[in-house]
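These notes are about the structure you will find just below.
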Amino acid sequence: MSSDGKSGDEAELQAQLARLGALRAAIGQAIVGQDEVVEQLLIGLLAGGHCLLEGVPGLGKTLLVRSLGQALELQFRRIQFTPDLMPSDILGTELLEEDPGTGHRHLRFQPGPVFTSLLLADELNRTPPKTQAALLEAMQERTVSYAGTTHALPAPFFVLATQNPLEQAGTYPLPEAQLDRFLLHIRVGYPSEQEEHDILQQTTGSGSAQVPKVMDAQAVLALQARVREVHLGEDVLRWITRLVRASRPAADALAEVRQWVKWGAGPRAGQSLVLAAKARALLHGRFAATREDVIALAAPVMRHRLLLSFAAEAEGKSADDVIAALLRGVPLPG
């Protein structure tokens, strides 16, 4: 490639990184704190995956997703999941129409709210598994099949789901197959005292934060393509492979895995960890992913892909405890 071509590509990369900075700043105009949550959400967007945000009500999960939708020039829709929600309320349905001229009747597919670029599935685990499963094909294949016809979803297509902790009344556990479709499981915790003070100050006055639009669909797709160009060394790739394989109970597994894990993570966890690490590197202005990127994202990538044993529940152990043991027990590359 000529020097002009290289400089042009470098200029394009710097412009893309500048857009990422603007996107982060735009979200920060409406969201106080939650820097790690915002970063993981942007990593999910860049990696082209879906995100599951979990936290008790009132922590700003919905506001965060809305702010991202406002900052992106993408079609945005929200579905409030309730116990009486039906699959057709998400996917769409066929309507019987009559031609006023001929009197001929025909069926026409009326797309549901899933036909959008950015979908907020609010309180996903408050609806029964039958309705939760309606999103499976859309999340994996980016299509919806209805009455023998396959309908393509817009590109990009990004599902951001919120869920309440399972200990709360009126919640249904998400099916394992659906959990595996989420690139990241993001935990949203309580704000610090200063952050909570700033939230009260910002949200109880007469003004309201305006989130500017800073990125359109083509820019998002270009960044997603750029993520896959980020370098990840063979040693780090091999380490990711060992991390994922080490999460599965076997005779030679770590003691914590044998004791606490019933089912380990599948190959999709490794794919997700590679893409997420590359996306984090790009978000930080680097064109090579490192083991620090993997360490930062191991928990949100893997925590929802591990099924713990009764022994783990009895001892009060979580998936994050298992992942911490994996990071300690599987030798680092180099």
Side-chain angles (χ1 to χ4, degrees), residues 6-51 53 60-76 117-118 120 155-160 183-184 186-189 191-192 194-195 198-199 202 207-232 272-297 300-301:
K6 288 183 179 179
S7 61
D9 189 64
E10 179 68 22
E12 182 184 354
L13 174 59
Q14 293 304 318
Q16 289 174 333
L17 295 177
R19 288 192 200 101
L20 279 178
L23 179 59
R24 202 165 190 165
I27 296 173
Q29 294 189 25
I31 300 296
V32 176
Q34 301 288 10
D35 294 336
E36 187 175 351
V37 173
V38 172
E39 174 166 299
Q40 291 178 9
L41 195 63
L42 294 179
I43 287 169
L45 176 70
L46 293 178
H50 311 295
C51 294
L53 288 83
K61 301 185 298 296
T62 303
L63 176 61
L64 174 58
V65 177
R66 279 194 174 280
S67 300
L68 178 62
Q70 290 169 356
L72 297 172
E73 292 187 60
L74 302 176
Q75 187 180 25
F76 170 76
S117 286
L118 184 59
L120 168 56
F157 175 67
F158 191 37
V159 175
L160 294 172
L183 181 86
L184 300 177
I186 303 171
R187 293 264 171 82
V188 184
S192 67
Q194 183 59 48
E195 288 171 349
D198 294 342
I199 290 170
Q202 181 172 307
S208 60
Q210 298 296 319
V211 180
K213 292 190 180 298
V214 297
M215 196 179 297
D216 61 12
Q218 291 306 311
V220 172
L221 292 172
L223 280 165
Q224 290 177 348
R226 180 73 72 174
V227 163
R228 291 180 175 269
E229 298 174 5
V230 172
H231 176 73
L232 187 137
S272 299
L273 194 47
V274 168
L275 284 173
K278 289 184 173 187
R280 185 178 186 271
L282 189 65
L283 191 61
H284 285 257
R286 291 181 279 109
F287 212 58
T290 66
R291 64 189 189 186
E292 284 72 24
D293 296 314
V294 178
I295 292 170
L297 292 163
V301 166

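On a predicted model such as this, the values are computed, not experimentally measured, just so you know.
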Counting only heavy atoms not in Glu229 (residues, nucleotides, ligands), do more than 12 fall under 6.0 Å from its CD?
yes
Show the nearest heavy-atom pair for residues Leu183 and Gly44, with the distance to one decimal.
CD2-CA, 3.8 Å
side-chain contact (heavy atoms from CB on, under 4.5 Å) partners of Gln224, counting only residues at least two apart
Pro156, Val220, Leu221
Within the distance-only criterion (no hydrogens, no angle test), does the side chain of Lys278 pair as donor or acceptor with the backbone N or O of His231 below 3.5 angstrom?
no
Any non-hydrogen side-chain atom of Val38 less than 4.5 Å from a side-chain atom of Leu68?
no
Nearest 0.5 Å please: distance from the CG atom of Leu283 over to the CD atom of Gln40.
11.0 Å
Shortest non-hydrogen contact from Val227 toward Leu275:
CG1-O, 3.9 Å
Please examine the side chains of Leu53 and Leu184, heavy atoms only from C-beta on, and report whether any two atoms are closer than 4.5 Å.
no
Could you go step by step and tell me if Val301 and Val294 meet the side-chain contact (heavy atoms from CB on, under 4.5 Å) rule?
CA-CA 10 Å; Val301 166; Val294 178; over 6 Å; no
Residues at least two apart in sequence or cross-chain that pass ring pair (Phe, Tyr, Trp, His ring centres under 6.0 Å) with Phe157, listed by chain then number, are His50
Where is the tightest heavy-atom contact between Leu45 and Leu23, given as atom of each residue plus distance?
CD2-CD2, 4.1 Å
Grab the two heavy atoms, one from Val230 and one from Ala289, that are nearest each other, plus how far apart they are.
CG1-N, 3.8 Å
Rounded to the nearest 0.5 Å, what separates atom CG in Leu297 from atom CD1 in Ile43?
4.5 Å
Shortest non-hydrogen contact between Arg286 and Arg280, atoms and distance
NH2-NH1, 3.9 Å
Flag side-chain contact, heavy atom, 4.5 Å: Leu74 against Phe158
no
Please identify each residue that fulfils side-chain hydrogen bond (donor to acceptor under 3.5 Å, both in side chains) with Arg187, with sequence neighbours left out.
none
Rounded to the nearest 0.5 Å, how far does CZ of Arg19 lie from CG of Asp216?
7.5 Å
Distance-minimising heavy-atom pair for Leu20 and Met215
N-CE, 4.2 Å
